[in-house]
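Below, chains carry the letters A, B, ... as their sequence lines are ordered, and counting in each starts from 1. Keep in mind that this is a model prediction, so the values were computed, not measured.
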Amino acid sequence: MRHRVCLTVNGKAEEFDVEPRLLLCHLLRAYVGLTGTNIGCDTSQCGSCTVLMDGKAVKSCTVLAVQADGCEVTTIEGLAGADGLHPVQQSFWDNHGLQCGFCTPGMIMTAVEILDRNPGATDAEVRHGLEGNICRCTGYENIVKSIVAAGARGS
Amino acid sequence: MFPSQFDYHRAASVAEAVELLSSLPDAKLVAGGHSLIPAMKLRAAQPAALVDIGRIPGLADVSADGDSLVVGALATHAAVADSAAVRSGCPMLAETAAAIGDIQVRNRGTIGGSLAHADPGADYPAAMLALGAEITAVGAGGERTIAASDFFVDILTTALADNEVITSVRVPCVAGGAYLKHRHPASSYAVVGVAACVGMDGGNVGSCAIGINGVTGKAVLAGAAAAALCGGPASADRIAAAAGRVGDAFDEPLGDLYASGEFRAHLAGVYTRRALAVAAERAG
Amino acid sequence: MGRYVGTSVKRVEDPRFIQGKGRYVANIQFPDMVYVAIKRSPEAHARITRMDTSAAAAMDGVVAVFTGQDFKDGGCGSLPCGWLVPDTKVPDRPIVVTDRVCHVGDSVAVVAARTPYIAADAVEAIEVDYEPLPTVVDARGAMDEGAPLVHSEIENNVSYHWALGDQEACEKAFAEADEVVEIELVNQRLIPTAMEPRAAAAQWDAASEEMTVWTTSQNPHPIRLLLSAFTLGIPESKLRVISPDVGGGFGSKIFHYPEEVIVPWVARQVGRPARWVATRTESQMTDSQGRDHVTVAKLAMTSDGTFTGLDVETWANQGAYLSTFAPLIPTALYITLLSGNYKMPGVFGKVHGTLTNTVPVDAYRGAGRPEAAYLVERLVDLAATRLGRDPLDLRRQNAIPKEDFPYQTPVAFLYDSGDYDRLMTTAADRADYAGMRQAQAEARAEGKLRGVGVVCCIEASGPAPSAVAGSLGSAVGFWESGEVRVHPTGQVSVFTGSHAHGQGHETTLAQVVADELGVPIESVEVVHGDTGRVNFGMGTYGSRSACVGGSALVRSAEKVRAKVLQLGAHLLEAAEEDVVYDRDTGRVHVKGSPESGKDFGELAFAAYTAHNLPEGMEPGLDFVSFYDPANFTFPASSHICEVEVCPDTWEVRILRYVAVDDVGKVINPMIVEGQLQGGIVQGVGQALTEIGAYSDDGQLLSGTLLEYAVPRADLLPGIEVDRIETPSPHNPLGVKGAGEMGTIAATPAVANAVLDALAPLGVTHIELPLTPERIWRAVQAAGNGA
């Protein structure tokens, strides 16, 4: 049994014919070709696959594509605007907020929500806000710095 | 990482969901999916069909109703945590919702899903027990209300029939409540979560309820501990003495790699003491 | 000093990562690609009595199903071990087992299908019957009389015994000692958990008989060598191995894994490109893991606190098979570090490498050195307690003085340079150590469990002089290649045999070469990770890329400069000794008249037009060097950690973490700090949260991220990083390794702090990780009714 799914991905509406078991992360990666959304675990722990669904950060490995039908999805590839990098992306670059880069898309998408909810987030608030994202390289130090700095610049 | 095959049905109404659940063999309900989909990815759950209630209108509302709050089954943990009505009317419920998982999980997971799944490490059950919540469900025989104390039957098992759908949860507004948890460092589930409600009667504790999850297969009420606190002031000594009684509530504490049953029981005492102190302070 | 080295140049690799354009193996996709999935053993030790693949093979969308026999018949060789100490017993490690599984996760069958979902369905449909065999999982217990044998031909499960040091001096030290402290400890098993799960992809060109393999490897050339010579049998000239962007390694992606053979073999067999991507759970149960030592040790000293001897016996769990470099880690990277930063004449260590029904154990960040540091630094704290001395003070008393460098330890290494006293005093100043002790006294007076941990640690980085490695058991050399290719326009491509998987080589190595040549960093491109583009190189591990890989590039850049200078002199019609190469600008000019010179680009172009070259000069401007280091480099660190332990929940809260490291000269301070910070948190993970646990029957109890607690962002409140520099005297950059020092020092720093906090309760030892329950039990065992 297959289903039609309509999604707006990074501003572009598309229709897909999918098995109900297809996960949103796989739809984005294999059907849309947006491989920036990385998959780091299979138990919904690591947050690498975080995307924005109707403006909210979600783990795309824990959403069925059929559940996302009709939603707007923003991935890391859709974050930068016509005028260049998103401030959070820029801040990760400026503050060495990444090393191997694998967790980075999920970190950045989660950071967007953290700052959306709390633009002046402190170091401790950011550390708490990242409870659903794992980085193995940076020790989080510069990730936290990047997010706090992006918030401070934005507000 | 790859769920096995299933059929997918999106229910437009609660009645349709009940009908689908009644007619489809081995069907499971899905809303946010944050309990079920992880299990399906590991193929620990392989339902033949999913009935998606995630879009049924009106089921996500959170509203005040006199001295109670009515929380729709589809309300996400984030919605409950952020709700002005919940934060002012029943701060402990907001605190519980905010303690679940992480931002991303709270954006998708729903109160109905969490309760129906009844994971021993879930956060809501302790709060539901301590608050004396009532869970409303609709099944083939119509609507019924189940007291939280009757709802949790065993590990991953509730009083719901296979074709029943939770529609809302009614929670009394309690000012003097607190939920504290010992978070598992990997899973974020509650190793121990304690929800305490304290009502003051003059200078003495007039009512008290303590719900605990994480320690045993299902969330439990620590009745002896709660009773021990009533009838006197909420002093540190009396709170400590009451908290010392929580062990009575545990038949067979669960253990895992991180914490044995014995240590969980110890932590339950500590968190009960802390939660009671905060609850009593909030009770004024 | 040039314009770039020593400055925090922003990383040139970042734009692709922050925009979701990383080039990971899992992103490789071909239209007709098959997805490979592997049937894993749920049993730790069992005979396969029946396997039925027919249902799987019949499934719609399944392209092929293969068993171990197919791989054997199809020419796949067993996985070799690349480091053998004398008399090592090496068990056979087939790509896919045929009749017996030896650990949970062992490969038993392989599926190729049209989608990864169908492949997973097919794996589930393969029926396997197992006849369970007795299991052994414990490093020391494996040697017990009557313990089950992992491989019947290997007696007592002993793969090797190894010893190093001055045993006579050691025995004398203990015979004459005033004080002896003893310890028995476990260095627990850890699961590396790079965020990118392992993956491999392959494309076979039947017409040209060329195979391309993409793999998540830290060292594509050695993988090509092993594939060609041992496992896959395709000539190196027909085999291209590419490690594109790799999402972290920490050692776990050094080794040659079965899937690197399975995927290309399947691609050739089915005539379609193939790809396998591990699920996280699969990675946790099959990636080589780290540590897993049981150690008994004692430290001898005089009554004034002078260390005189250290005696160590370790049982090192190697898992069910020997992973690629497994015997190296507990031998030449562990026993050799037991002298620590201290003058001690009588150091002697022996190790028993044992086989168990667990996943193979090999290098994990630090690899042998954290095991040594944790052991030595715990013993030093026990000594301080015994003598009633301040632990920092006792360390300073015994530290090798700076005037003693180069310093020959009793366990083979010749430390190149260092100033351990300055390292410790800098850390003490930075942390306000005296203030911390004062605060601790006040906190204790209030009944709080406050502790301060201090360590001084050593690392051997930048492996290794090839002849030395060979004499210690290596099957390969540990030099590195570096090519500097100047294009006719003056643009520069740099080819390094090192491989970056987070370390930022595209930036730091460009800094080095841009300064060596005096060209803008924007005109330098760094290429790595592709055997089709880069000369044979040894890859990245052991914090070697700057020391060894960077040095190779300096050598090549020197050759470029020499040729450019010679060509410049010729074109300026001056004698070579009358011209200079200005390393700030890349211009060659006559001494004293910078205006009459030639730009780097002009000279590069002239080298390629070859219209007017000096007599005997070949056209072109492209040099490759193979740099074999003269020695390891020896970074050192002093870290100070302040903790408070909750007397109810027994949780550890880190209040401050101060790290002062000496990694020699620093190319990019921002990147070095990032390496140290990340390393520290991994070390803290070992101290507080992480454990790769097996049940007695060989089940992995921490096989998913629901159980295995990788540190989260809130584990530390922040890290204060500082450093001193004692340049390595034997490499042209003066650099030492920076990738592992943080990890090595952090585990004992935190452990010492926690045990210091618990000292008033009489607790002297707790096995890692220091989880609340372990602390609670230790406090109870010490006679406190908590």
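Residues Leu705(C) and Cys46(A) approach most closely at CD1-CB, 4.3 Å, considering heavy atoms. Residue Phe250(C) comes nearest to Cys137(A) through the heavy atom pair CZ-SG, 3.7 Å, listed as atom of the first residue, atom of the second, then distance. Across all their heavy atoms, Pro197(C) and Ile39(A) have their closest contact at CD-O, 3.6 Å.
When the candidates Gly36(A), Gly101(A), Gly97(A), Ala80(A) are compared by the number of heavy-atom contacts under 4.5 Å with chain C, Gly101(A) comes out ahead. Between chain A and the residues Gly22(C), Ala194(C), Pro116(C), Gly674(C), the largest count of heavy-atom pairs under 4.5 Å involves Gly674(C). Options Leu706(C), Ile671(C), Val681(C) differ in how many heavy-atom pairs under 4.5 Å they form with chain A, and the most are formed by Leu706(C). The choice from Gly679(C), Gly504(C), Gly502(C) that makes the most heavy-atom pairs within less than 4.5 Å of chain A is Gly502(C).
Using a 4.5 Å cut-off between heavy atoms, Pro717(C) touches chain A through its backbone atoms (N, CA, C, O) alone. Within the 4.5 angstrom heavy-atom criterion, atoms from both the backbone and the side chain of Leu22(A) approach chain C. With a 4.5 Å cut-off on non-hydrogen atoms, Leu79(A) does not touch chain C at all. Both the backbone and the side chain of Ala30(A) come within contact range of chain C, with heavy atoms under 4.5 Å apart. Neither the backbone nor the side chain of Ile680(C) comes within contact range of chain A, judged by heavy atoms closer than 4.5 Å. Val277(C) does not touch chain A: none of its heavy atoms, backbone or side chain, sits under 4.5 Å away.
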Can you list the donor-acceptor atom pairs spanning chain A and chain C that come in under 3.5 angstrom?
unit_1	atom_1	unit_2	atom_2	d
Arg21(A)	NH1	Asp121(C)	OD1	3.0
Arg21(A)	NH1	Asp121(C)	OD2	3.2
Arg21(A)	NH2	Asp121(C)	OD2	2.8
Leu23(A)	N	Tyr117(C)	OH	3.0
His26(A)	ND1	Tyr117(C)	OH	2.7
Arg29(A)	NH1	Asn27(C)	OD1	3.3
Arg29(A)	NH2	Ala26(C)	O	3.0
Arg29(A)	NH2	Asn27(C)	OD1	2.9
Gly40(A)	O	Arg280(C)	NE	2.8
Gly40(A)	O	Arg280(C)	NH2	3.0
Asp42(A)	OD1	Thr281(C)	OG1	2.9
Asp42(A)	OD2	Thr281(C)	N	3.2
Asp42(A)	OD2	Thr281(C)	OG1	2.7
Gln89(A)	NE2	Ile18(C)	O	2.8
Trp93(A)	NE1	Arg11(C)	O	2.8
Asp94(A)	OD1	Lys10(C)	NZ	2.6
Gln99(A)	O	Arg11(C)	NH1	3.4
Gln99(A)	O	Arg11(C)	NH2	2.7
Gln99(A)	OE1	Gln675(C)	NE2	3.3
Gln99(A)	NE2	Gly674(C)	O	3.0
Cys100(A)	O	Tyr24(C)	OH	2.8
Gly101(A)	O	Tyr24(C)	OH	3.2
Phe102(A)	N	Tyr24(C)	OH	3.1
Arg127(A)	NH1	Ala713(C)	O	2.8
Arg127(A)	NH1	Leu716(C)	O	3.2
Glu131(A)	O	Arg712(C)	NH1	2.5
Arg136(A)	NE	Pro192(C)	O	2.8
Arg136(A)	NH1	Glu690(C)	OE2	2.7
Arg136(A)	NH2	Ile191(C)	O	3.4
Arg136(A)	NH2	Pro192(C)	O	3.1
Arg136(A)	NH2	Tyr364(C)	OH	3.1
Arg136(A)	NH2	Glu690(C)	OE1	2.8
Arg136(A)	NH2	Glu690(C)	OE2	3.4
Tyr140(A)	OH	Pro711(C)	O	2.6
Glu141(A)	OE1	Ile719(C)	N	3.4
Glu141(A)	OE2	Ile719(C)	N	3.0
Asn142(A)	ND2	Gln677(C)	OE1	3.4

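Pairs engaging residues 98-109 of chain A under the salt bridge (Lys or Arg N to Asp or Glu O under 4.0 Å) rule: none recorded [sequence neighbours left out].
Listed by chain and residue number, Val663(C), Val666(C), Leu676(C), Ala738(C) satisfy the side-chain contact (heavy atoms from CB on, under 4.5 Å) test with Val672(C) (two or more places apart in sequence, or in another chain).
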